[in-house]
Amino acid sequence: MRFLSIYKHAERTAPPSREEMATMGKLVEEGFKAGWLVATERCLPTKFGARVRSASGKQTVTDGPFTEAKEVVGGFAILRANSKEEAIQLAKDFLRVAGDGECELRQIYEADTCAPAAAAANS
């Protein structure tokens, strides 16, 4: 199974310290070697971003920074896990290194794992 882990936190105004980068780098390296980490990226501050919305056929664009947001997406990872419980543990391990924030976990649709479960649920 694969899971998308979306890391949300209060936006930082300063980049991570060298120590923080080294600690996270070690976790990422271990994850790739062990096979539970498929992909990961950190996001730049919201001042470099934009929000594109669609409502009732009208599209709007709002440039960052997003000062009204208490939490922003700070990055994401694609995790490989044998169960939801294992993905939760991986997110807990990540947060021990990353600090305050939350990880929203969403299982990624895969025909061989999700379709049979969905069919059984609809029976």
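Everything numeric in this text was worked out from a predicted model, so none of it was measured.
Among residue pairs with one or both ends in residues 20-32, those qualifying as salt bridge (Lys or Arg N to Asp or Glu O under 4.0 Å) are R12-E20, E29-K33; sequence neighbours excluded. Screening residues 47-60 for side-chain hydrogen bond (donor to acceptor under 3.5 Å, both in side chains) gives R51-E68 as the qualifying pairs, with residues at least two apart or on separate chains.
The minimum heavy-atom distance between M1 and E110, with the atom names listed, is CA-OE1, 3.6 Å. The shortest non-hydrogen separation linking C103 to A91 is CB-CB, 4.0 Å. The two residues L79 and A87 come nearest to each other via the heavy atoms CD1-O, 4.3 Å. Residues P65 and T46 share a closest heavy-atom pair of CA-OG1, 3.4 Å.
Side-chain heavy atoms closer than 4.5 Å link hydrophobic residues (I, L, V, M, F, W, Y) into clusters, and following such links, possibly through other members, connects L27 to L95. Using a 4.5 Å cut-off between side-chain heavy atoms of Ile, Leu, Val, Met, Phe, Trp and Tyr, with links allowed through other members, Y7 and V97 fall into the same hydrophobic cluster. Each of I78 and L105 belongs to its own hydrophobic cluster when Ile, Leu, Val, Met, Phe, Trp and Tyr are linked at side-chain heavy-atom distances under 4.5 angstrom. Linking Ile, Leu, Val, Met, Phe, Trp and Tyr whenever their side-chain heavy atoms come within less than 4.5 Å puts V73 and L4 in one cluster.
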Tabulate below the donor-acceptor pairs under 3.5 Å that side-chain atoms of residues 36-44 make, not counting sequence neighbours, or state none.
{"unit_1": "T40", "atom_1": "OG1", "unit_2": "F76", "atom_2": "O", "d": "3.0"}

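Each of E104, E86, R80, K84 was compared with F3 under the side chain to side chain contact (heavy atoms under 4.5 Å, CB included) criterion, and only K84 meets it.
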message: Before you tell me yes or no, could you show the steps for S5 and F94 under side chain to side chain contact (heavy atoms under 4.5 Å, CB included), namely the whole-Å CA-CA distance, both residues' side-chain angles and the distance that decides it to 0.1 Å?
response: CA-CA 10 Å; S5 176; F94 167 79; 5.6 Å; no

